[in-house]
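Below: one structure, written as structure tokens.
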Amino acid sequence: MLDINYIRQNPEEVAGMLKKRRQAEDCKSLDELLEYDRERRELIKETDTLKALRNKVSKDIAVIKRTGQGSAEDLIREMKEVADKIAGMDEILGKIEKQMESILLSLPNKLHPDVPEGYSAEENRICKGPVAFDHALDFPLMDHLDLGNKLGILDFERGAKISGTGFPVYIGKGARLERALLNFMLDCHTENHGYTEVFPPFMVNEDSLRGTGQWPKFADQVYYMNEDNLYAIPTAEVPVTNLHRNEMLKDEELPISYAAYSACFRREAGSYGKDTRGFLRVHQFNKVEMVKFTRPEESYDALEKILQNAEAILNALRIPYRVLLLCSGDISAGATKCYDIEVWSPAEKKYLEASSCSNFEDYQARRANIRFKPAGSSKPTYVHTLNGSGLATSRLMVSLLENYQTTEGTIVVPEVLRKYTGFDVID
RNA sequence: GGAGGAUUAGCAUAAUUGGUAAUGCAGCAGUCUUGAAAACUGCCGGGCUUACGCCCUUGGGGGUUCGAGUCCCUCAUCCUCCGCCA
């Protein structure tokens, strides 16, 4: 959420941002917002005057009642009218503020100056890579589906039977490999990168979704349990960022870094038929997420660190990748700056998104009310929040299986994972 | 699921029969001081206002009242006890 004061003082900047994000049509709601803001402040002036009168006269009434000097009847009758007037105006004010909130919740964040301008994914800027590792793949390659079927480690068909399309089942060494990947990533972030491990709930309430920005705009992408009014998390970002919702953090405990495993659930409504093959688009997948809370002045350094922490996993696994800086038309609404890491699928001959590292500045902190008192100041200030996948296993698994396949159709387990899997080869 | 108790600022604690949120600690600014400490003054949740000031804020929402921390309804969370259960 943007600060209404910032919007009022810099309307043309906000409009420019909306155009850069290819959301120029939202400029209309921006104008509405500013009009509501004017009305609101006018109305507050009037109601505050009436409320001041009511407070004063109420005190007078109290004095009359206490001393028994004279009658308060006239004053009470008068104040009854004032109270009705206030109630009527407050109702209008409430409606205006509700409208404002709904617009504010839907407006995207500012953009960092580094963000390249562009319409779509094609205009994202490659800022690193390709980072290659030699896997000697000079033979006819199988894709991850064929490999998974042949080795009996992945079963999409039975997943579809028990749940529906897009719910993969890992079996035998496949299950073990998945668990090894997750454990390796968590250990790496907690032991080498200074993150505190969190194991969060996989279902959250509406306030949590609103805090990170998935609600109300993207509510239709989230699984909802009507009976209990709970949502299945689309990413661990939601519960972990909301750990500190409505909290005043201490300056000395910042920055806070959390790494969390979670299953992630996504409806992917409207995406049917697009990249649906195998692991490319699924409704449930596993991910280790990194989340940071920082002082405002530290957040862009922290973003680079998160990116490095995610890259460290791929370097250790020796999986080829590249890093993109997302353009203004492709970056998500809450982020000011975002890097995507894509891993190389040699069978599909394309890059697959495996991580997204974003700085939200105070956009989520304002929604979720996460503040701290900076040292040397007494004024509460919003923290900056960031997160990055470190990483999502589904696309990572595609790249791992395909890059580590052999001419015999077996998979060599990456060196760093062997102490977690307990085997060197999947055959 | 049932019964009882609780929720007040960063933390901790007050507020006769309803009369308009008090205090301590921590933090910030200033005065004093060679400097620090102590002491004193102001600030220390949000909004409106050029400003002086004013308004709102006692877990959320609603009601009664001229006036609600206080009375009523409702929801949430925490604690205690009972019941059920992996």
Side-chain angles (χ1 to χ4, degrees), chain A residues 1-9 33-105 200-211 215 225-231 239 242-254 256 293 295-296 362 365-383:
Chain A
M1 196 152 68
L2 292 174
D3 182 2
I4 182 68
N5 293 309
Y6 165 78
I7 297 174
R8 187 188 310 127
Q9 284 153 25
L33 177 68
L34 290 167
E35 181 54 34
Y36 281 132
D37 181 52
R38 271 188 291 275
E39 286 177 31
R40 172 177 171 271
R41 285 185 296 157
E42 275 307 308
L43 205 51
I44 282 177
K45 273 189 222 173
E46 293 177 39
T47 54
D48 276 6
T49 309
L50 285 177
K51 283 174 184 173
L53 175 69
R54 178 177 63 181
N55 288 342
K56 189 188 160 296
V57 175
S58 286
K59 275 180 193 164
D60 294 344
I61 292 172
V63 170
I64 292 170
K65 294 235 168 179
R66 194 172 340 111
T67 59
Q69 304 268 317
S71 163
E73 288 302 308
D74 288 348
L75 289 179
I76 287 175
R77 206 174 311 117
E78 211 176 297
M79 284 309 103
K80 209 168 195 151
E81 282 173 31
V82 171
D84 286 346
K85 220 170 184 177
I86 289 173
M89 291 166 82
D90 270 349
E91 200 183 325
I92 297 171
L93 187 62
K95 279 180 187 159
I96 290 175
E97 289 184 338
K98 211 164 182 183
Q99 293 290 328
M100 289 179 70
E101 198 200 3
S102 125
I103 295 173
L104 278 169
L105 283 173
F202 292 179
M203 287 196 254
V204 296
N205 57 32
E206 189 174 295
D207 285 344
S208 293
L209 279 189
R210 185 208 313 261
W215 196 94
M225 264 127 304
N226 186 49
E227 193 79 2
D228 298 287
N229 204 20
L230 288 169
Y231 298 83
N242 278 282
L243 277 177
H244 295 299
R245 171 153 51 83
N246 289 330
E247 285 187 17
M248 183 80 73
L249 301 172
K250 293 193 175 65
D251 181 84
E252 61 268 24
E253 61 187 333
L254 295 175
I256 298 172
F293 303 80
R295 300 179 190 90
D362 63 4
R366 183 170 276 112
R367 285 170 167 252
N369 190 30
I370 308 170
R371 298 175 298 169
F372 78 111
K373 277 188 186 169
S377 157
S378 65
K379 190 141 182 65
T381 305
Y382 291 110
V383 299

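Chain A is the first sequence line, chain B the second, and so forth, proteins listed ahead of strands; every chain is numbered from 1. Please read these numbers as outputs of a predicted model, since none were measured by experiment.
Using a 4.0 Å heavy-atom criterion, one finds that Arg8(A) contacts the sugar-phosphate atoms exclusively. If you check every strand for non-hydrogen atoms under 4.0 Å, Arg77(A) touches nothing. Residue Lys250(A) is out of contact with every strand shown, counting any heavy-atom pair closer than 4.0 Å. Within 4.0 Å (heavy atoms only), Ile61(A) reaches at least one base atom of the nucleic acid.
Electrostatic pairing of Glu42(A) and Lys45(A) counts as a salt bridge here, judged by a charged N lying under 4.0 Å from a carboxylate O. A salt bridge links Arg41(A) to Asp37(A): one of the charged nitrogens lies within less than 4.0 Å of a carboxylate oxygen.
Across rU58(B) and rU8(B), the matching C1' atoms stand 4 Å from one another, rounded to whole Å. One P atom belongs to rC44(B), the other to rA29(B), and the distance between them is 15 Å to the nearest Å. Taking atom C1' on both nucleotides, rG30(B) is separated from rU23(B) by 23 Å, rounded to a whole Å. A distance of about 9 Å separates the P atoms of rU57(B) and rA68(B), rounded to the whole Å. For the C1' atoms, the distance linking rC71(B) with rU17(B) amounts to 12 Å, nearest Å. Here the separation of rC56(B) from rA9(B), taken at their C1' atoms, is 15 Å to the nearest Å. For the P atoms, the distance linking rA6(B) with rG10(B) amounts to 23 Å, nearest Å. Remark: the separation of the P atoms in rA39(B) and rG24(B) is 12 Å, to the nearest Å.
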Item to complete: I would like to know whether Arg40(A) and Leu93(A) meet side chain to side chain contact (heavy atoms under 4.5 Å, CB included); could you show each step before the answer?
Response: CA-CA 6 Å; Arg40(A) 172 177 171 271; Leu93(A) 187 62; 3.9 Å; yes
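Applying the Watson-Crick and G-U wobble criteria (two distances, each under 3.5 Å), rC54(B) pairs with rG47(B). Taking a pair to require two hydrogen-bonding distances under 3.5 Å in either a Watson-Crick or a G-U wobble arrangement, rA38(B) remains unpaired. The partner of rC84(B), taking Watson-Crick or G-U wobble pairs whose two distances both stay under 3.5 Å, does not exist in any strand shown. The partner of rA21(B), taking Watson-Crick or G-U wobble pairs whose two distances both stay under 3.5 Å, does not exist in any strand shown. In this structure, rU7(B) forms a base pair with rA76(B), meeting either the Watson-Crick or the G-U wobble geometry with both donor-acceptor distances under 3.5 Å.
Counting heavy-atom neighbours within 6.0 Å of Glu253(A) CD, excluding the residue itself, gives a total above 12.
Side-chain N/O atoms of Asn205(A) and Ser208(A) include a donor and acceptor closer than 3.5 Å.
For RNA chain B, the outermost nucleotides in 5' to 3' order that have an atom under 4.0 Å from a heavy atom of chain A are rG10(B) to rG67(B).
For the pair Asp251(A)/Arg295(A), a side-chain contact is recorded, criterion being any heavy-atom separation below 4.5 Å from C-beta on. For the pair Glu46(A)/Leu50(A), no side-chain contact is recorded, criterion being any heavy-atom separation below 4.5 Å from C-beta on. A 4.5 Å side-chain heavy-atom check between Asp362(A) and Thr381(A) finds every atom pair outside the cut-off.
Here the side chain of Arg367(A) pairs a donor or acceptor atom with the backbone of Leu105(A) at under 3.5 angstrom.
Among residues at least two apart or in separate chains, salt bridge (charged side-chain N to carboxylate O under 4.0 Å, His left out) pairs with a member in residues 50-63 of chain A are Lys51(A)-Asp90(A), Lys56(A)-Asp60(A).
Comparing Ile44(A) and Leu75(A) against RNA chain B, the residue whose closest nucleotide sits nearer the 5' end is Ile44(A). A residue-by-residue look at Ala83(A) and Ser58(A) shows that Ser58(A) has its nearest nucleotide of RNA chain B further toward the 5' end.
For residues 89-103 of chain A, proximity to RNA chain B is found at no residue, defined as any non-hydrogen atom under 4.0 angstrom from a strand atom.
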